[in-house]
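Structure, as structure tokens:
By convention in this document, chain letters (A, B, ...) are assigned in the order of the sequence lines, proteins followed by strands, and residues within each chain are numbered from 1.
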Amino acid sequence: MTLFNWILFIFSWLLFFAGFFVTFACFFGFVRFSDFFVRVHAIKISNIYGISFILLGVAINSRDIITFFQLFVICIFNILSTLAIIHSICRIALNANIEHAGISRRKYNELIAENERIEAEKQIQEKINQNKK
Amino acid sequence: MVIFSLVLFLFISIINLFYIIRSNEYFTRILSLYYFLMNIVVLLLFYFIYSNKFALIVNIIFPILIINMAIILLFIKNGIDKDDSF
């Protein structure tokens, strides 16, 4: 093996181990986390980084230009489809008031509105006090 | 390399199958379904690489990837249409 082949070999195994670790860690994240949006994040990372790294590692290790090109296209398509699906699932879950960190979107908006009302009341009270002086 | 990947994705797919069957929440079920289908696709892909059937990658994996995306989007759309709480 030439030096270039050795570099490719080591690089492909490094990519593979990185992908393997990310996929495994994200899978445990998916199983262990209770929050829906954190689970979504775990799956997103697993699909975008984990599977892509493994695919790229196998593609480099194959040393066949056609296989490399096929796996590269699958990798790109995997990333794009994951982004589209995760975005649509998250948007619909947000609109369906799925709780994130114990707070749903509706509750969050109510809290923000309440906070703004309190701030506005404070400002009005300050102006009244200034006028009195 | 390919065998390690096959074992990993098979393990994840089986656990996800239990999640799809046992989960009560609609969104968790859909999420598990997507994760399961994606892992099955990659599992098939690695099986074809392992058995040197490279021609099947284009014939089978690419359509399955598109069908996977369509299935999830259709499930989401139907779930929204049927459920009044949305």
With a 4.5 angstrom heavy-atom cut-off, which part of [X] approaches chain B: side chain, backbone, both or neither?
X	value
A:Ser62	neither
A:Thr67	side chain
A:Phe77	side chain
A:Ile66	neither

Atom [atom1] of [X] with >12 non-hydrogen neighbours under 6.0 angstrom:
X	atom1	result
A:Ile118	CD1	yes
B:Arg22	CZ	no
A:Ile112	CD1	yes

Inset, instruction - Using a cut-off of under 4.5 Å on heavy-atom pairs, state which of B:Asn39, B:Leu45, B:Asn68, B:Ile30 scores highest against chain A. - result: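 Most pairs with chain A among the choices: B:Leu45.
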Answer with yes or no whether the hydrophobic clustering places [X] together with [Y]; edges join I, L, V, M, F, W, Y residues whose side-chain heavy atoms lie under 4.5 Å apart.
X	Y	value
A:Ile85	B:Ile61	yes
A:Ile10	A:Leu8	no
A:Phe33	B:Phe18	no
B:Tyr34	A:Ile45	no
B:Ile12	B:Tyr50	yes

Inset, instruction - Could you check A:Thr23 against B:Phe9 for side-chain contact (heavy atoms from CB on, under 4.5 Å), going step by step and ending with a plain yes or no? - result: CA-CA 9 Å; A:Thr23 309; B:Phe9 290 119; 4.1 Å; yes
Find the distance between [atom1] ([X]) and [atom2] ([Y]) and round it off to the nearest 0.5 Å.
X	Y	atom1	atom2	value
B:Leu31	A:Cys90	CG	SG	8.0 Å
B:Tyr26	A:Ile92	OH	CD1	8.0 Å
A:Phe28	B:Ile15	CZ	CD1	8.0 Å
B:Met38	A:Ile43	CE	CD1	12.0 Å

Legend entry - Parallel, tilted or perpendicular, as decided by the 30° and 60° cut-offs, for the rings of B:Phe11 and A:Phe27: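 A:Phe27 vs B:Phe11 ring planes: perpendicular.
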Legend entry - Leading residue by heavy atom contact count with chain B [cutoff under 4.5 Å; candidates A:Val58, A:Leu71, A:Val73]: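 Greatest number of close heavy-atom pairs with chain B: A:Val58.
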Inset, instruction - Starting from the C-alpha separation in whole Å, work towards a yes-or-no answer on side-chain contact (heavy atoms from CB on, under 4.5 Å) for A:Ile74 and B:Val41. - result: CA-CA 10 Å; A:Ile74 286 170; B:Val41 169; 6.0 Å; no
Inset, instruction - Could you check B:Ser5 against A:Phe20 for side-chain contact (heavy atoms from CB on, under 4.5 Å), going step by step and ending with a plain yes or no? - result: CA-CA 8 Å; B:Ser5 310; A:Phe20 197 93; 5.5 Å; no
Legend entry - A:Val31 backbone acceptor or donor facing B:Tyr19 side chain under 3.5 Å: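 Judged by distance alone, yes, a pair lies under 3.5 Å.
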Legend entry - Closest approach of A:Phe36 to B:Thr28 (non-hydrogen atoms, all atoms of both residues):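 Heavy atoms only, the tightest pair is CE1-N, 4.0 Å.
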Inset, instruction - Taking all heavy atoms of B:Ser32 and all of A:Phe30, pick out the closest pair and write down the distance. - result: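 Here B:Ser32 and A:Phe30 meet closest at OG-CZ, 3.4 Å.
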Residue [X] versus chain A: region with a heavy atom under 4.5 Å:
X	answer
B:Phe4	both
B:Ile66	both
B:Leu65	both

Legend entry - Pairwise side-chain contact, A:Ile54 with B:Val42, heavy-atom cut-off 4.5 Å (strictly under):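 A:Ile54 vs B:Val42: side chains apart.
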